[in-house]
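Counting starts at 1 for both ligands and their atoms, in listed order. All values reported here derive from a predicted model rather than from experimental measurement.
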Amino acid sequence: MAHDLVIVANRLPVDRVTDKDGEVSWRPSPGGLVTAIEPVMRAGDGVWIGWPGGTEQHLEPFEADGLHLVPLSMTQEEIEEHYEGFSNATLWPLYHDVVAKPEFHREWWDRYVKVNRRFAEKAAELAAESATVWVHDYQLQLVPQMLRELRPDLRIGFYLHIPFPPAELFAQLPWRRQILEGLLGADLVGFQLPGAAQNFVRLVRQRVGHRTHRDLVYLPDGREVRAAAFPISIDAAGFEELARSPEVAERAKAIREALGNPRKIFLGIDRLDYTKGIYARLRAFGELIRDEHLSVEDAVFVQVAVPSREQVEQYRILRDDIDRLVGRLNGDLGRIGRPAISYLHSSYPREEMAALYRAADIMVVTPYRDGMNLVAKEYVACRIEEDGALVLSEFAGAADELRQAWLVNPYDINGMKAALLESYRAQPKELGRRMRAMRKQISQHDVKAWADSFMTELAHERHD
Ligand code: G6P
């Protein structure tokens, strides 16, 4: 069946998991991308092409929770070279300010090209005449051009969920020109922030040699490509409703009790990723206890680390580092029944996340670089009592909108300590003033507004 809207993303919104007895089930996929696109899909009657996790081959299209999903299988080699390799050990660190050193391997690149081609072919097969195809994220940057070659009738949008690096860093990539040309297959290329769109246009001018004016690129064949910012958001009303439910309120209370009803709870929730600044943030908190600015009787830091990309070496190293740090901090600073850090290496359903957000007095989000960071926005949406503090890295995209957070430089440990203490000591009046302003921003700019503005802009793009 042909579809008028095709979403192409590396992952499906659900992961296929096989348990010990061979029983198959589906569970929600990790990460911000899926959280953001799911409501968009629900609104329309589109189809979603993506990898269902694992190596199972020949899976049939299926419906999950009312969504039309088309699984694209990956072989073990494809996972190793396209997903773990080029996507997550080359592009991911390169696009995040080289927080870790990107690896460049020609075999990984070759596989990246092949997998992108498979996605493009599948999209070409499923799209109706003149349909709209929306391609997502860094794993699939060649799809727009490949798809345009196969199906010039389509309207193609691309959205990058992660940062787009400054030209000086992007220039390291041996395949920089191919990536830029891949993206130029789209009619509209969307980024989180205006600076990223500007980086892209500048690179296109420098490295591909096309004429550009402001946010437009003029291709030799007369086509125009627009590059613009569309800061992504969350289903604010949905989170708020969840936070208001009696079950979540009950659970939040139970969490506080289980932690021994400390005066204040600090909270971090992140995929276990080296861009998130988990290590530095826990050190900052540990020093505040060591130096007796805080005590374990009064404060606890709950850190949820969602397992992620566990086969990639940098992620394994990070996990060991955090394990060691948490062990050391608790060993040195904890008392019986009173750890300094309550550390959970696990993923949780939305209800539990909402309860954690409601239970926490201070949300700590300190990435070294982050496209947006939806956790920061989810926390704000769940603070229905208009209290609670957000400590937020100025290097997260969300810092552009959440100006009333305690903004910090995650490389500056003393600065982070000062912000943690200040937010801990802040008076209810000040917390209310800040939280109200942030809640207004989030409720007015939710994920529906994000998708609508991207789709409206895409519909207006000239086609030839
Ligand atoms: C980020 C990326 C997504 C990715 C998600 C989870 O949000 O922008 O593209 O899907 O992380 O990572 P994973 O590697 O598990 O798909």
Using salt bridge (charged side-chain N to carboxylate O under 4.0 Å, His left out), reason through E240 and R244 one step at a time and then give a plain yes or no.
CA-CA 6 Å; E240 177 159 347; R244 280 190 196 285; 2.7 Å; yes
Are any of the N/O atoms in [X] less than 3.5 Å from those in ligand 1?
| X | result |
| --- | --- |
| R11 | yes |
| Y83 | yes |
| H161 | no |

Intermediate values then yes/no, salt bridge (charged side-chain N to carboxylate O under 4.0 Å, His left out), R316 and E310
CA-CA 6 Å; R316 292 179 181 226; E310 292 181 296; over 6 Å; no
Of the options F170, W108, Y112, F86, which is the one that meets W175 in a ring-ring contact (aromatic ring centres under 6.0 Å, His included)?
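The residue from F170, W108, Y112, F86 that satisfies ring-ring contact (aromatic ring centres under 6.0 Å, His included) with W175 turns out to be F86.
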Take the angle between the ring planes of F191 and F200 and call it parallel below 30°, perpendicular above 60°, tilted in between.
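Taking F200 first and then F191, their aromatic rings sit tilted (interplane angle of 30° to 60°).
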Determine, considering heavy atoms only, which of M372, H136, E310, R309 sits nearest to atom 1 (C) of ligand 1.
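When every heavy atom of M372, H136, E310, R309 is considered, R309 comes closest to atom 1 (C) of ligand 1.
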Tell me whether the guanidinium CZ or amine NZ of R16 lies under 6.0 angstrom from the six-membered ring centre of W51 and within 45° of its axis.
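Cation-pi check for R16 and W51: fails.
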For W134, does the six-membered ring have the charged nitrogen or CZ of R155 within the cation-pi criterion, i.e. under 6.0 angstrom from the centroid and within 45° of the normal?
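Here R155 fails the 6.0 Å and 45° test against W134.
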Do any heavy atoms of I162 fall under 4.0 Å from ligand 1?
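Under 4.0 Å: yes for I162.
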Are any of the heavy atoms in R271 under 4.0 Å away from ligand 1?
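Yes; R271 lies near enough to ligand 1 that a heavy-atom distance drops under 4.0 Å.
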For Q139, the ligand 1 atoms whose distance to one of its heavy atoms is below 4.0 Å:
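Here the atoms of ligand 1 in question are 9 (O).
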